[in-house]
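Every number for a ligand or one of its atoms is a count from 1 in the order of the listing. Because the structure is a prediction, the values reported are computed rather than measured.
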Amino acid sequence: MTDIAANLPLVLQTIRRAAEEVGRKPQSVQLIGVTKYVEAERVRQALDAGLAICGENRLQEAQAKMEAIGVRPGVTWHFIGRLQRRKLKSVVGQFSLIHSMESIEQVEELDRRAQEQSLRQSILLQVNVGNESTKGGFSALELLEAMPAVAKFVHIKVCGLMAIPPWTENPEAMRPHFRKLHALAQEVKTLGLPGIEMTELSMGMSNDYPIAIQEGATMVRVGTALFGSRPQ
Ligand SMILES: *Cc1c(COP(=O)(O)O)cnc(C)c1O
């Protein structure tokens with residue numbers, strides 16, 4: 001059994017080192033502990049050890065765990081998985097950030113659902129940096145074209161971009177994708193659209209998060225390095 005109380009300080013130290021290597025403040029990087037497949041009791045242990053943000057990618061599993069664990073001061077939940085249209089209603093207001101909005105249609109529907117609940121939902125736009133047919137997300141071009149329309153929705157708050165680059169074992173091979181996402185966020189900023197912040201870059205997982213941090217990640221999504229390997 002992987003010891004979360006031992007792993008968490010190691011991951012935090014790796015984050016600190018990677019940030020310092022490139023002259024960034026360690027506090028500019030948030031750790032999202034990816035708790036998918038991790039049972040509530042072990043999530044609780046992670047929170048006791050100091051984890052502050054949990055990332056879940058399946059709605060039902062997330063809801064069950066959030067209910068089991070209850071509200072804990074300083075702890076927030078992020079949604080990082082693919083969302084079917086009919087599920088959008090249930091994520092609104094339940095997660096402090098949704099990382100995985102993958103199309104303008106989805107953004108529009110989420111805005112409508114957020115309006116129904118009189119709230120403003122924070123989101124990231126997912127970019128398909130590897131142009132993979134199996135993955136969702138905007139292409140770089142689609143994103144730039146969609147931004148003016150996205151900026152018109154007032155019940156969502158676009159905080160930045162997220163990507164899951166094509167998997168390769170060699171973390172260095174991920175670097176160009178991280179650079180691309182960072183550059184794209186800069187390009188969106190130059191559009192100067194009202195309400196579009198682009199302060200967050202969610203990129204980097206267990207295998208490559210130090211590289212992602214070197215390339216500007218402000219949120220890293222780490223599962224295996226904290227909780228051990230998942231059943232699959
Ligand atoms: C599972 C998952 C992660 C974590 O992956 P690890 O390699 O276990 O760190 C990160 N992001 C997303 C979107 C995931 O689904």
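- Partner of Glu56 under the side chain to side chain donor-acceptor pair (under 3.5 Å) criterion, chosen from Lys65, Gln63, Lys36: Lys65.
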Present, as a list of atom pairs with distances to 0.1 Å, all nitrogen or oxygen contacts under 3.5 Å between ligand 1 and the protein.
residue: ligand 1; atom: 8 (O); partner: Thr224; partner atom: N; Å: 2.8
residue: ligand 1; atom: 8 (O); partner: Thr224; partner atom: OG1; Å: 2.5
residue: ligand 1; atom: 8 (O); partner: Arg230; partner atom: NH1; Å: 2.7
residue: ligand 1; atom: 8 (O); partner: Arg230; partner atom: NH2; Å: 3.1
residue: ligand 1; atom: 9 (O); partner: Ser206; partner atom: N; Å: 2.9
residue: ligand 1; atom: 9 (O); partner: Ser206; partner atom: OG; Å: 2.5
residue: ligand 1; atom: 9 (O); partner: Gly223; partner atom: N; Å: 2.8
residue: ligand 1; atom: 11 (N); partner: Arg221; partner atom: NE; Å: 2.8
residue: ligand 1; atom: 15 (O); partner: Lys36; partner atom: NZ; Å: 2.7

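- Annotation for Lys135: atom NZ counts as buried by contact number, over 12 foreign heavy atoms lying within 6.0 Å.
- Proximity of a side-chain donor or acceptor of Asn128 to a complementary backbone N or O of Asn131 within less than 3.5 Å is detected.
- Checked against Met174 for a side-chain contact (heavy atoms from CB on, under 4.5 Å), the options Val129, Thr168, Asn207 give a single hit: Thr168.
- In this view, Phe79 and Phe95 satisfy the ring-ring contact (aromatic ring centres under 6.0 Å, His included) rule, not counting sequence neighbours.
- Gln106 places a side-chain N or O within donor-acceptor distance of the main-chain N or O of Leu83, the cut-off being under 3.5 Å.
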